[in-house]
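Some notes on the structure that comes next.
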Amino acid sequence: MIMQEHLKLLGFKVKDVVSGMEGVVTSISFDLYGCVQAVVNSGLDKDGLPAEGRWFDTKRLIPISKKPVMTVPTFQVIPGGQHLPKY
């Protein structure tokens with residue numbers, strides 16, 4: 001169940017309490033050493049190009065939106081087919 005708590009950040013706008021960076025959580029990672037991190041994408045840069053996402057420990061992030069920016073996939077395995085997210 002603890003994994004689900006981290007995954008609930010997907011799609012939400014968040015703020016990193018250390019750097020102040022804000023953006024949308026686009027990925028969550030669980031590594032072998034117990035770190036749980038999220039990629040935060042801040043949107044577009046000054047030239048209108050997608051900004052590079054930055055990795056942060058999830059414990060540094062606080063949600064600043066009430067709803068995700070888009071519907072999050074259910075990530076269920078589709079029997080008999082490729083293992084793709086089910087929308």
Side-chain angles (χ1 to χ4, degrees):
M1 285 311 246
I2 294 172
M3 278 180 46
Q4 292 301 323
E5 292 302 313
H6 295 290
L7 291 173
K8 286 181 183 177
L9 286 174
L10 277 175
F12 279 85
K13 290 183 181 179
V14 296
K15 180 177 182 176
D16 172 43
V17 297
V18 176
S19 70
M21 181 181 166
E22 296 181 4
V24 176
V25 174
T26 58
S27 184
I28 303 284
S29 173
F30 300 86
D31 76 17
L32 181 61
Y33 306 104
C35 294
V36 183
Q37 296 185 322
V39 173
V40 178
N41 188 298
S42 62
L44 302 177
D45 66 14
K46 61 182 171 67
D47 298 320
L49 299 171
E52 185 176 325
R54 303 281 182 205
W55 286 96
F56 295 96
D57 287 346
T58 57
K59 60 186 170 189
R60 289 175 47 166
L61 303 175
I62 55 170
I64 58 173
S65 63
K66 302 255 187 231
K67 296 190 291 186
V69 298
M70 62 182 278
T71 303
V72 178
T74 60
F75 300 106
Q76 295 177 3
V77 175
I78 302 168
Q82 292 181 328
H83 299 295
L84 302 173
K86 182 180 176 183
Y87 296 99

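No single ILVMFWY cluster, assembled from side-chain heavy atoms under 4.5 Å apart, contains both M3 and V39. A single hydrophobic cluster is seen to contain both V18 and I62, as judged by linkage of ILVMFWY side chains at heavy-atom distances under 4.5 Å, directly or through other members. In the hydrophobic cluster analysis, where Ile, Leu, Val, Met, Phe, Trp and Tyr join through side-chain heavy atoms closer than 4.5 angstrom, L9 is grouped apart from V24. With hydrophobic clusters built from ILVMFWY side chains whose heavy atoms lie under 4.5 angstrom apart, I64 does not share a cluster with M70.
Distance alone, capped at 3.5 Å, places no donor-acceptor pair between the N41 side chain and the G23 backbone.
Closest approach of S42 and M21 over heavy atoms only: CB-CE, 3.8 Å. In this structure, K13 and S65 approach most closely via the heavy-atom pair N-OG, 3.1 Å.
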Please walk me through it: do V40 and D16 pass side chain to side chain contact (heavy atoms under 4.5 Å, CB included)? CA-CA 9 Å; V40 178; D16 172 43; over 6 Å; no

Could you give the side-chain donor-acceptor pairs of residues 29-38 under 3.5 Å, partners two or more places apart or in another chain?
from	atom 1	to	atom 2	distance (Å)
D31	OD1	Y33	N	2.9
D31	OD1	G34	N	3.1
D31	OD1	C35	N	2.9
Q37	NE2	D57	OD1	3.0

Return all side-chain donor-acceptor pairs below 3.5 angstrom for residues 43-50, not counting sequence neighbours, or 'none' if the list is empty.
from	atom 1	to	atom 2	distance (Å)
D45	OD1	D47	N	2.9
D45	OD1	G48	N	3.1
D45	OD1	L49	N	2.9

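To the nearest 0.5 Å, atom NE2 of residue H6 and atom CD1 of residue I28 are 8.5 Å apart.
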